[in-house]
Amino acid sequence: MSSATLPPVAQRRALTKRILKSLPWYPFIVLNLVVFVVFNLWPWLSMFQTATFKTDLLSHREFVGLDNFVKKAGDELLHLALKNTFLFALLYVPPLVVVSLLVAILVNQKLRGMKFFRSVYFLPNVTNIAVLALVFRRFLSPRDDAPFNYLLGLVGIPAQRFLLDIHQALASIAGLGVWQSFGFFMVIWLAALQAIPQPLYDAGRVDGAYGWRLHRHVTIPLLRPTAAFVVVITTIGALQEFGAIFILTGGGPVNATTTAVYHIYSQAFNFTRFGYASALSILLFLIILIIAYVQNRYLKFDEEVY
Amino acid sequence: MSSLRPQTQRSPLTLLRVWIGFQPNQGLRTAVTYLLMGVLAVSTVGPFIIMLSVSLTQNIRFLLFPIDLIPNPITLENFQLLFARTLALRWTYNSFYVAAVSTLGGVFTSTMAGYAFARGDFIGRNVLFYMFVGILIMPETALIIPQYIMLSDLGLVNSYTALIGPWFASIFGTFLMRQQFLSIPRDYDDAALIDGANIFDTWLRVLMPQLVPAMVTLGILRFMGNWNSFLYPLIVTTKAEMRTLPVGLGTVARSGGDAGLDMAGAVLGFVPTFVVFLLGQRYIIQGVSLSGLKG
């Protein structure tokens, strides 16, 4: 029976009772709530307001309506940044997904020392990007006898310019990203591999499937939800890459590594165009949301496979 | 494998091979596996070993191959230079302080809110829950600019409040802890209530002691996440003395000093998370698999 059919007095009493029952729970969520309202909800709403202003946060604040959104159409650096962002995702996501899966299959065998190898592969992932940038800036130096060029020299490949070359800089940073993250996604693949029930393999063998055929018909279909998860997460990460670019190339050479997030950062903090940067942030949000949504739909994230 | 076949079809040779555990094919496969994993392990650990070695080398301007992995003489000069020329000591303090408060605060608030969402029946519960889910899907980089503007309006740029604030609550943590509370049978709550405990006592004395491993997992993940964050601490600090270690080291990397100084900085930034990883890797890997399986 719904409360609407009760007489008014009883209704009020029911409401009072419900409020009294609710009250003791609010102290448990109040801190969470305050943090989210102050650091997420408020900035998130104010972003739409700021996006309609031209402001440097100091002296200048001028209402410009939708100008900041119109301006994007003519911002050639933005177009390049978006191109670079998608290119980076292409250079980063497929190798990362494939490498982490292959390594997971490798370390999933019942051999001595597997735990050790898993930990070793995870190490770059817990190391912060500033440390990795400090190290790899030296490794990727264009000098002939810098580490990578020295190793290339051993197999007869001439010295490369890596971060200083407009065609190699983005790929170098993607490579560093793959090296940093494959251990993390290896662990996720591994959890999925180990969750496949052994009887399914036995049944497959009874049906005459061995080796690759067994993987083709048992492993791969069962890994699809994990594959969807890994693809979506790595893509969202790729679209937001920043640290390595900021430290290693500063968006250069000649804007070759200026990605969407770097462009937003630079518009805000190098040119103090905070209104425009807010409008760009809304664009970034929409792009990520749409790509994640499409991938979700297409890869069928939540489908039951068992 | 062959256990499906009747025993009688096994040749004595097969039985012998199975008994001593040697199969030529398997042996080759194992060798190839170890070779691949070894190469990968060297490429993973190698850069860190070179980092350590260069940081202990005297007067090293460039990192050029081949190098001596064990420097002669071993020196701490680079570290002395790092502390003398940069605010590395201050950055380290900042990072530890911010990470510690963020971790404790985040675990604490997650445990509280997770309990309320798992057990509570209060007005607005579902609305709040979906609001939290909504925030979870917001890409954090899209919020960086408005967060900076807000902090700048409040005069909080270059403050610990700004560095710690968003880390004082965790949506992932709240959901994780909610799952953990749901996994405890309600009988515990009921028994405690019959004994006269209120919901606060039930939370603190009855349920929380059972969730210490989950809290440790969450704490380690939060510590790592906070220590390694870069973009947010970069934008909310403009004064050198308020930078966290990764942000400070980023400025060292961009300033183009010599290799020894760079690597000393890298070692300093590497060691804390390495130690936490060594001590807590069981929890970390568990936490990561958990987040992946949940989807």
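Please read these numbers as outputs of a predicted model, since none were measured by experiment. Throughout, a chain's letter reflects where its sequence line sits, starting with A, and its residues are numbered from 1.
The aromatic rings of A:Phe242 and B:Phe230 are tilted relative to each other, their planes meeting at an angle between 30° and 60°. Taking the six-membered ring where the residue is Trp, A:Phe274 and B:Tyr148 present parallel rings, their angle staying beneath 30° rather than reaching 60°.
Contacts between B:Leu278 and chain A at a heavy-atom distance below 4.5 Å are absent for every atom of the residue. The part of A:Thr50 that comes within reach of chain B is its side chain, from C-beta onward, which places non-hydrogen atoms under 4.5 angstrom from that chain. Heavy atoms of A:Val38 lying under 4.5 Å from chain B belong to its backbone as well as its side chain. For a residue to count as touching a neighbouring chain, one of its non-hydrogen atoms must lie under 4.5 Å from one of that chain's; by this rule B:Met224 touches chain A with the side chain only. Looking at A:Tyr201, there are no atoms closer than 4.5 Å to chain B (heavy atoms on both sides), in backbone or side chain. Using a 4.5 Å cut-off between heavy atoms, A:Val126 contacts chain B through both its backbone and its side chain. Proximity to chain B is limited to the side chain of A:Leu132, based on heavy atoms less than 4.5 angstrom apart. Proximity to chain B (any heavy atom under 4.5 Å) is restricted, for A:Val35, to the side chain, taken from C-beta onward. Interface remark: B:Arg125 contributes no atoms to any contact with chain A (heavy atom separation under 4.5 Å). Proximity to chain B is absent for every atom of A:Ala133, based on heavy atoms less than 4.5 angstrom apart. For A:Phe136, the part lying near chain B is the side chain, with the backbone staying farther off; criterion is any non-hydrogen pair under 4.5 Å. Heavy atoms closer than 4.5 Å to chain A are found in the side chain of B:Ser152, but not in its backbone. B:Phe223 does not touch chain A: none of its heavy atoms, backbone or side chain, sits under 4.5 Å away. Both the backbone and the side chain of A:Phe285 come within less than 4.5 Å of a heavy atom of chain B. The parts of A:Phe28 that come within reach of chain B are both its backbone and its side chain, each placing non-hydrogen atoms under 4.5 angstrom from that chain. Heavy atoms of A:Trp42 lying under 4.5 Å from chain B belong exclusively to its side chain. Within the 4.5 angstrom heavy-atom criterion, only side-chain atoms of A:Ile288, from C-beta onward, approach chain B. There is no contact between B:Trp167 and chain A, counting heavy-atom distances below 4.5 Å. For a residue to count as touching a neighbouring chain, one of its non-hydrogen atoms must lie under 4.5 Å from one of that chain's; by this rule A:Gln109 touches chain B with the side chain only. In this structure, the portion of B:Phe277 lying under 4.5 Å from any heavy atom of chain A is its side chain and not its backbone. Heavy-atom distances place no part of A:Phe116 under 4.5 Å from chain B, backbone and side chain included.
Here the CG atom belonging to B:Asp262 is positioned 5.0 Å from the CG atom belonging to A:Leu134, to the nearest 0.5 angstrom. Note that CG of A:Asn40 and CG of B:Leu143 are 6.0 Å apart. Values are rounded to the nearest 0.5 Å. The CD1 atom of B:Ile123 sits 5.0 Å away from atom CZ of A:Arg18, with the distance rounded to the nearest 0.5 Å. If you take CD on B:Gln147 and OG on A:Ser46, they are separated by 9.5 Å, rounding to the nearest 0.5 Å. Between atom CH2 of residue A:Trp44 and atom CE of residue B:Met150 there is a gap of 15.5 Å, rounded to the nearest 0.5 Å. Note that CZ of A:Phe36 is 8.0 Å distant from CE of B:Met131, once rounded to the nearest 0.5 Å.
Every residue meeting the side-chain hydrogen bond (donor to acceptor under 3.5 Å, both in side chains) condition with A:Gln194, not counting sequence neighbours, appears here in chain and number order: A:Asn108. Residues satisfying the side-chain contact (heavy atoms from CB on, under 4.5 Å) test with A:Pro142, not counting sequence neighbours, are A:Arg161, A:Leu164.
Checked options A:Asn32, A:Leu31, A:Ile29; the residue passing with B:Met112 is A:Leu31 (criterion: side-chain contact (heavy atoms from CB on, under 4.5 Å)).
Contacts with chain A were tallied for B:Ile171, B:Ile144, B:Leu128; B:Ile171 has the most, counting heavy-atom pairs under 4.5 Å. Ranked by heavy-atom pairs shorter than 4.5 Å toward chain B, the options A:Ala277, A:Pro147, A:Gly243 are led by A:Pro147. The greatest number of non-hydrogen atom pairs below 4.5 Å with chain B, out of A:Val30, A:Leu280, A:Val107, A:Val187, is found for A:Val187. Of the listed residues (B:Ala116, B:Gly250, B:Pro47), the one with the most heavy-atom contacts under 4.5 Å to chain A is B:Pro47. By number of non-hydrogen pairs under 4.5 angstrom with chain B, the leading residue of A:Leu283, A:Leu151, A:Thr127, A:Leu284 is A:Thr127. Comparing A:Val261, A:Leu41, A:Leu106, A:Asp144 by heavy-atom pairs within less than 4.5 Å of chain B, the highest count is held by A:Leu106. Most heavy-atom pairs under 4.5 Å with chain A, from the set B:Thr141, B:Val252, B:Thr174, B:Leu231: that is B:Thr141. In terms of heavy-atom pairs under 4.5 Å with chain A, the best-connected choice from B:Pro272, B:Gly38, B:Ala113 is B:Ala113. In terms of non-hydrogen atom pairs under 4.5 Å with chain A, the most contact-rich of B:Thr111, B:Val45, B:Leu40 is B:Leu40. Chain A forms the most heavy-atom pairs under 4.5 Å with one residue out of B:Ala259, B:Gly114, B:Gly269, B:Ser229, and that residue is B:Ala259. Between chain B and the options A:Gly250, A:Ala146, A:Ser119, A:Ala268, the largest number of non-hydrogen pairs under 4.5 Å is found for A:Ser119.
Residues B:Thr44 and A:Trp179 come closest through the heavy atom pair O-CZ2, 3.3 Å. The two residues A:Phe39 and B:Thr161 have their closest heavy-atom pair at CZ-O, 4.2 Å.
Side-chain contact check for B:Tyr34 versus A:Arg112: some heavy-atom pair is nearer than 4.5 Å. The shortest side-chain heavy-atom distance between B:Phe48 and A:Pro124 falls under the 4.5 Å cut-off. Looking at heavy atoms from C-beta onward, B:Met51 lies out of side-chain contact with A:Arg138 at the 4.5 angstrom threshold. Residues A:Leu239 and B:Pro139 form no side-chain contact, since every pair of their non-hydrogen atoms from C-beta on lies 4.5 Å or further apart. Using a 4.5 Å cut-off on side-chain heavy atoms (C-beta onward), B:Ile145 and A:Tyr276 make no contact. Contact annotation: the side chain of B:Gln281 never approaches that of A:Arg118 to less than 4.5 Å [non-hydrogen atoms, C-beta and beyond].
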